[in-house]
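Working notes for the structure below.
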Amino acid sequence: MSVDSKRALVVNGKKLEVEPGATFGKAAQALGVGKIALAGRALGRSYTLDDKIPEGASEAEILTKERGGLAVLRHSASHLMASAIKRLWPEARFGTGPDTEKGFYYDVDLAHRISDEDLRKIEAEMKKIVSEDAKFERSELSREEAEKLVLSKNESFKQELIRDHAAGGETVFSFYKHSDFVDYCEGPHVPSTAWIKAVKLHDVSGSYWRGKEGNPQLQRVRGTAFFSEKDLQQHEKNIEEAKNRDHRKLGQQLDLFSFNDFAPGIPFFHPRGVTVYNELLAFLRDEYRKRGYVEVRAPLVLKVDLWHRSGHYANYRENMFFTQSEDVEMAVKPMNCPGHCLIFKERPRSYRDLPIRMAEFSPLHRNERSGTLHGLMRVRGFSQDDAHIFCREDQLEQEVLHCIAFLKKVYDTFGFKDVKVELSTRPEKSIGTKELWQKAEGALENALNKAGLNFRINAGDGAFYGPKIDFHITDALDRSWQCGTLQLDYNLPSGPEYSSQGGGGGESPASKEANSRFDLSYKGQDNQPHRPVMIHRALLGSLERMIGVLIEHWAGAFPLWLAPEQARVLPVAEAFVSYAREVEKALFDAGLRASVDDSPEKVGKRVRDAVLAKVPYVLVVGEKEAQARSVTVRARSSEKQVVLSLSSLIERARGEVARRELAPEASTTSLDAAAAPSS
RNA sequence: GCUGCUGUAGCUCAGCUGGUAGAGCACCUCCUUGGUAAGGAGGAGGUCAUGGGUUCGAGUCCCAUCAGCAGCUCCA
């Protein structure tokens, strides 16, 4: 083969003939994306457009603005920021600085505490470097050279990374340089700093090196970047709007709940919040009745002996509240499972009794670390829609499917579209045989597939006693919260045969008690005792967290069945207050939550108040309505007015509640259809 | 728990380099009897998170504590 013969290459999925020694830039031009090309990739590595396409590559990728560009831009912005920081504080050392979903950050080790003012200074310095139009250049070094280079710059964190990568088998260490700043980095990057025009730094916070609590804490400087100033502004605007959905803000505005210094992290639910809370409970109890659940109530405070037996004392003590009675140490329960095991044991059980689906809504208390608290999403006192299913081994899959079907019903009722499902498998520290684990994981995976759910496997993240399925929902600011959970538990039902092979945490192996859990059994068809399997499951997760999620999901505009105030009657003048009261009474008698606003304000003002309170139905009544025994309805999310007879409004609203209808728009449509011809 | 930031009326916030508190909304009273997103006038309301300290004097400066916010960590 002659040296100058062209070679075939697949670039971005298209076949291309390239000259030997051609650069990624040339390939980009040949593809017609020369102007928007940012970087190249081949053989699992990133390159600049000026780099030659590696000889051995038969495929290559050109990253462009549209093709993975934002991540490239942001990663470059993090380098740009690091270089600006280095100019301002030459002693700064760096951890890692990746792009993220919404922007980028760089972790900095610097004795000087970076303030908000400093962020502006850094931004100004970044602008300078942008105007310098500094090229990003790539180079490759051997391990020795790489370590030498980072050590010469006193970058010990980078050295640690290099050593780790070397231990992982890496032999080529790439560096990216722009201006006077060089960084150990995989890339890719934009061609030059001039690309990074729309960039903004947001905040600085602490962050442990490599995410380990014992490690030194670096300063994480966070920001974001876009290709255009317009996109950046839009992004900032979106964030502002998302903040208006924050359940903490809406919870206060809508008078749903509050927090008080006297009980940090434990919510006070106001009357309106309790209405939502109780409607959710009613929904679940309805479903429990249909699905063969039984509800129980176990004590809130139990002797520590019990928590020793359950393993909570050894594994969960840090998160428990303790108290005492006379000389007996007791604990406030953080979970329901031990109580349910005790109820199970209260009498002999037969295989005919199983499955037992035992539900409980009791409040739980967990002493969460102060920094983890977050509105209703993470609290120290809450109730789960908890249940423990005691079943036979052969009922396991069916029961898991039963739970998933239930969960789907619940999430459909709320209209959740983006639920992330994770299957967490056997962790390093685990109890039980390999076969048991494989069986359990298989059962869960099988059930997920049968249920048609897309899921991600989260290897090694299961509980030590069994694998689990978690359901995550994101909040207004895209933070992910675990809501539903489904866990297989072989631990709590176990008896004296249980040994603390790795899972026992701080338990003393000498203690026989610690080595026996609840020793649950049922009498099988064979007249022999058998061990039941326990499924621990919650669908909403905690009522508190779910209410927080729902507030953000609907921006406070609850569907009719959950709305604290379902209708507000506004008499147009004092003369019609008595008819307004009649309407209120009729609604009340129909089981609906209604009020009259007879404050001495103009109708416009009272309509505004009702809209801001997100009341689903605003009913204006005056002379016409009083005579016709009708109401003029203004449904939420529609300014359209519809005249309805009082009786047909009630009929509609009751149906909407009974079916737990979702969208306010749906009710608007049905109202339109039912609209009496207005005179 | 860690790092940083914040804490002024019920809510949202103003209060310059220290000279002992202000607005809008909400609330109350009166006027207005109003037909779909803010009618008008007046009034009341604050141990400036708490506790120390510096100072002739602290909302303002310093320290501690408490709580919240962002991120990290944690989340059986």
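Numbered from 1 within each chain, the chains take letters A, B, ... in sequence-line order.
Ion pairing of A/Asp609 with A/Lys605 is present here, as a side-chain N (NZ or NE/NH1/NH2) and a carboxylate O approach within less than 4.0 Å.
Per the geometry, CZ belonging to A/Arg120 stands 14 Å off C1' belonging to B/C5, to the nearest Å. A/Asn260 places its CG atom 13 Å from the P atom of B/G10, with the value rounded to the nearest Å. When the P atom of B/U12 is taken as reference, atom CG of A/Asn244 falls 13 Å away, rounded to whole Å. Atom CD in A/Glu213 sits roughly 10 Å away from atom P in B/C2 (whole-Å rounding). Separating the CD atom of A/Gln219 from the P atom of B/G71 is a distance of 17 Å, rounded to the nearest angstrom. Following rounding to the nearest Å, A/Asn315 (CG) and B/C75 (C1') show an atom-to-atom distance of 14 Å. Atom pair A/His536:NE2 and B/C75:C1' shows a separation of 13 Å (rounding to whole Å applied). Between the CG atom of A/Asn367 and the C1' atom of B/C75 there is a distance of 13 Å, given to the nearest Å.
A/Lys468 comes within 4.0 angstrom of sugar-phosphate atoms only, judged by non-hydrogen atoms across all strands, and of no base. Looking at heavy-atom distances under 4.0 Å, A/Glu368 makes no contact with the nucleic acid at all. Within the 4.0 angstrom heavy-atom criterion, no nucleotide atom of any strand lies near A/Arg568. Across all strands, A/Arg369 comes closer than 4.0 Å to base atoms (heavy-atom distances).
The aromatic rings of A/His374 and A/His247 sit tilted relative to each other, their planes meeting at an angle between 30° and 60°.
In this structure, A/Tyr106 has its ring center closer than 6.0 angstrom to the ring center of A/Phe94. Taking the six-membered ring wherever Trp is involved, the centroid distance between the rings of A/Phe257 and A/His270 does not fall below 6.0 Å.
Side-chain nitrogen and oxygen atoms of A/Gln217 include none within less than 4.0 Å of the OP1 or OP2 phosphate oxygen of B/U73. Between A/Arg220 and B/U73 there is no side-chain polar atom (N or O) within less than 4.0 angstrom of OP1 or OP2. In terms of phosphate contacts, A/Arg210 brings no side-chain nitrogen or oxygen within less than 4.0 Å of OP1 or OP2 of B/U73. Close to B/A70, at under 4.0 Å from its OP1 or OP2, lies a side-chain N or O of A/His374. Distances shorter than 4.0 Å separate none of the side-chain N or O atoms of A/Arg222 from OP1 or OP2 on B/A70.
One C1' atom belongs to B/G59, the other to B/G7, and the distance between them is 11 Å to the nearest Å. Comparing B/G45 with B/A14, their P atoms sit 24 Å apart, to the nearest whole Å. The same atom, P, is picked in B/G34 and in B/G39; the two are 15 Å apart, to the nearest Å. For the P atom pair drawn from B/A9 and B/G51, the interatomic distance equals 16 Å after rounding to whole Å. Nucleotides B/G71 and B/A58 are separated by 38 Å at their P atoms, to the nearest Å. B/G22 and B/U55 have their P atoms separated by 29 Å, with the value rounded to a whole Å. Comparing B/C69 with B/U60, their C1' atoms sit 22 Å apart, to the nearest whole Å. Taking atom P in both B/U65 and B/U29, the straight-line distance is 46 Å, to the nearest Å.
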remark   = For nucleotides 34-47 of chain B, 5' to 3', base contacts (B), sugar-phosphate-only contacts (S) and non-contacts (-) with protein non-hydrogen atoms under 4.0 Å give BBBBBB--------

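In this view, A/Pro616 and A/Leu560, A/Ala563, A/Arg636 satisfy the side-chain contact (heavy atoms from CB on, under 4.5 Å) rule, not counting sequence neighbours. When the side-chain hydrogen bond (donor to acceptor under 3.5 Å, both in side chains) test is applied to A/Ser630, no partner is found at least two apart in sequence or on another chain. Remark: A/Lys602 pairs with no residue by the side-chain contact (heavy atoms from CB on, under 4.5 Å) rule, at least two apart or across chains. Remark: A/Trp209 pairs with A/Glu160 by the side-chain hydrogen bond (donor to acceptor under 3.5 Å, both in side chains) rule, at least two apart or across chains.
Annotation: cation-pi geometry not satisfied between A/Arg74 and A/Phe104 (NZ/CZ under 6.0 angstrom from ring centroid, within 45° of ring axis).
Between A/Arg248 and A/Ala463, the residue whose closest nucleotide on RNA chain B is further toward the 5' end is A/Arg248.
For A/Pro264, the side-chain atoms get nearest to B/A67 when compared with the rest of B/A70, B/C75, B/A67.
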inquiry  = The test is side-chain contact (heavy atoms from CB on, under 4.5 Å); show your working for A/His388 and A/Asn336 and say whether it passes.
reply    = CA-CA 9 Å; A/His388 293 92; A/Asn336 288 313; 4.1 Å; yes

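A donor and an acceptor atom, one from each side chain of A/Glu565 and A/Ser595, are located under 3.5 Å apart.
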request  = Any chance you could encode RNA chain B as dot-bracket? Rule is Watson-Crick or G-U wobble with both distances under 3.5 Å; [ ] for pairs crossing earlier ones, | for another strand.
outcome  = (((((((..((((.....[..)))).(((((.......))))).....(((((..]....))))))))))))....

